[in-house]
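The structure presented is a predicted model; accordingly, all values stated were derived computationally and were not measured.
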Amino acid sequence: MWRLFIRPEKKKPKRHVPTKEETEELWFRYFYETHPRLELKEWARRLHIFRFCRANADQTGDRDRLMAALRITSLEELEQTCAKLDITLEQLPETDEASAAADGFRIPSYINLRQPGHLKLFGLPAHVWVRRERLVITISDADKPFDVTPRTIKAVEKIEVKLGELGLASQIVDPPLNDKHCLAPKFYPEYFS
């Protein structure tokens with residue numbers, strides 16, 4: 001005769017699920033960890049095109065940065081914008097859609113062009129990437145690439161003046177990063193009033 005032994009079910013320890021208020025408090029602690037509120041408010045007042053974007057803690061290698069996005073609706077507009085910014089678009093050999101999708105350095109909408117990538121924008125190290133209908137410019141501190149410093153803000157203010165002189169203000173997309181990591185009027189209106 002068989003005996004059936006049933007183990008009593010182990011009680012799992014209670015797991016704390018943070019409340020909405022606790023989650024918000026954790027977020028604000030993280031967002032202001034490297035730069036205090038007064039400093040960010042000052043940056044929001046000084047910058048009109050570039051926005052401070054806090055690193056995403058869930059992504060390895062992500063960093064604090066200043067970002068700007070320019071609306072691009074056609075190949076002609078992309079070429080004109082890059083010419084104004086003194087960015088050379090490199091032609092790549094023609095390929096099929098599937099191969100182009102696997103090659104991360106091709107511009108998705110224009111598969112015969114290479115992504116600009118790391119370059120000097122008006123003498124400042126920058127990263128330029130073309131996404132769907134926008135050209136994204138990312139700038140961090142030259143000596144501390146995972147941070148934004150007052151020196152970076154001062155240099156970017158000069159770039160903003162040049163972007164205005166080049167007539168690119170009408171192409172600005174705000175916010176450049178559409179989430180709460182971006183210090184923009186959409187997510188933090190109190191800094192821009």
Side-chain angles (χ1 to χ4, degrees), residues 47-149 151-187:
L47 299 176
H48 306 287
I49 297 173
F50 281 83
R51 300 291 181 216
F52 171 74
C53 297
R54 183 72 167 108
N56 187 338
D58 298 334
Q59 294 178 0
T60 303
D62 198 12
R63 64 192 196 276
D64 290 353
R65 64 232 183 256
L66 296 173
M67 292 179 77
L70 303 172
R71 187 174 297 103
I72 303 292
T73 56
S74 66
L75 177 59
E76 182 182 346
E77 191 171 30
L78 174 64
E79 290 170 340
Q80 289 173 355
T81 302
C82 287
K84 288 178 181 179
L85 296 172
D86 199 24
I87 296 172
T88 305
L89 291 173
E90 182 184 336
Q91 291 282 337
L92 294 173
E94 288 191 28
T95 187
D96 61 279
E97 295 276 339
S99 298
D103 183 354
F105 293 102
R106 291 180 185 265
I107 298 175
S109 304
Y110 314 106
I111 60 174
N112 63 330
L113 294 175
R114 182 181 190 83
Q115 289 282 5
H118 293 280
L119 48 80
K120 292 264 186 189
L121 185 66
F122 304 114
L124 195 65
H127 184 264
V128 177
W129 205 255
V130 181
R131 300 188 187 278
R132 183 175 293 133
E133 296 187 359
R134 62 177 58 187
L135 182 136
V136 180
I137 303 168
T138 305
I139 297 176
S140 295
D141 189 78
D143 296 328
K144 298 178 179 179
F146 287 87
D147 200 7
V148 173
T149 63
R151 182 178 64 179
T152 315
I153 298 294
K154 193 171 187 175
V156 166
E157 283 179 312
K158 293 175 186 173
I159 290 177
E160 285 192 350
V161 169
K162 290 180 182 177
L163 291 176
E165 291 170 357
L166 293 171
L168 296 172
S170 63
Q171 290 178 247
I172 300 301
V173 178
D174 195 19
L177 183 66
N178 197 19
D179 71 18
K180 65 182 181 179
H181 289 85
C182 187
L183 182 66
K186 179 178 179 179
F187 303 106

* Does E133 offer a backbone N or O that forms a donor-acceptor pair with the side chain of T73 under 3.5 Å? -> no
* Check for a donor-acceptor pair, side chain of Q115 on one end and backbone N or O of V128 on the other, with a separation under 3.5 Å. => no
* **Qualifying residue, where the test is side-chain hydrogen bond (donor to acceptor under 3.5 Å, both in side chains) with Q80 and the options are E77, E76, K84** => E76
* Using a cut-off of 6.0 Å, state whether more than 12 heavy atoms not belonging to D174 lie near its atom CG. => yes
* For P125 and K120, which heavy atoms make the closest approach, and how far apart are they? -> CG-NZ, 4.0 Å
* About how many Å separate CG of D141 and OG1 of T152, when rounded to the nearest 0.5 Å? -> 3.5 Å
* Intermediate values then yes/no, side chain to side chain contact (heavy atoms under 4.5 Å, CB included), E90 and L92 -> CA-CA 6 Å; E90 182 184 336; L92 294 173; 4.1 Å; yes
* **Between CG on residue L66 and CG on residue L47, distance to nearest 0.5 Å** => 6.0 Å
* Asked: Checking N112 side chain against Q91 main chain: does a donor-acceptor pair fall under 3.5 Å?
  -> no
* To do: Using atom types as modelled and distance alone, determine if a side-chain donor or acceptor of T81 lies under 3.5 Å from a backbone N or O of L78.
  => no
* Heavy-atom closest contact (R134 atom, P176 atom, distance) -> NH1-O, 3.1 Å
* **I72 vs Q171, side chain to side chain contact (heavy atoms under 4.5 Å, CB included): CA-CA, chis, key distance, verdict** => CA-CA 8 Å; I72 303 292; Q171 290 178 247; 3.8 Å; yes
* Structure fact -> Residues V173 and R71: closest non-hydrogen pair is CG2-N, 3.6 Å
* Please confirm whether the backbone N or O of I49 pairs with a side-chain atom of E160, one donor and one acceptor, at under 3.5 Å? => yes
* Asked: Does the side chain of R51 reach to within under 4.5 Å of the side chain of P175, using non-hydrogen atoms?
  -> no
* Asked: How about F122: does its CZ atom have over 12 heavy atoms from other parts shown lying under 6.0 Å from it?
  -> yes
* Structure fact -> Closest non-hydrogen contact found for M67 with V136 is CE-CG1, 3.3 Å
* Does the side chain of I137 reach to within under 4.5 Å of the side chain of F50, using non-hydrogen atoms? -> yes
* Calculate, to the nearest 0.5 Å, the distance between atoms NE2 and CD1 belonging to H48 and I172 respectively. => 12.0 Å
* Asked: If you measure from NE2 on H127 to CG on L121, what distance do you get to the nearest 0.5 Å?
  -> 12.5 Å
* For L177 against R65, the heavy-atom pair lying closest together -> CD2-NH2, 3.6 Å
* Asked: When rounded to the nearest 0.5 angstrom, what is the spacing between CG in L89 and CZ in R114?
  -> 12.0 Å
* Is there side-chain contact between L85 and L70, with at least one heavy-atom pair below 4.5 Å? -> yes
* Structure fact -> Scanning both residues in full, the closest heavy-atom pair of C182 with F187 reads O-CD1, 3.7 Å
* To do: Measure the shortest side-chain to side-chain distance between V130 and L113 over non-hydrogen atoms and say whether it is less than 4.5 angstrom.
  => no
* Quick one: pull up NZ in K154 and CZ in R151 and give me the separation to the nearest 0.5 Å. => 11.5 Å
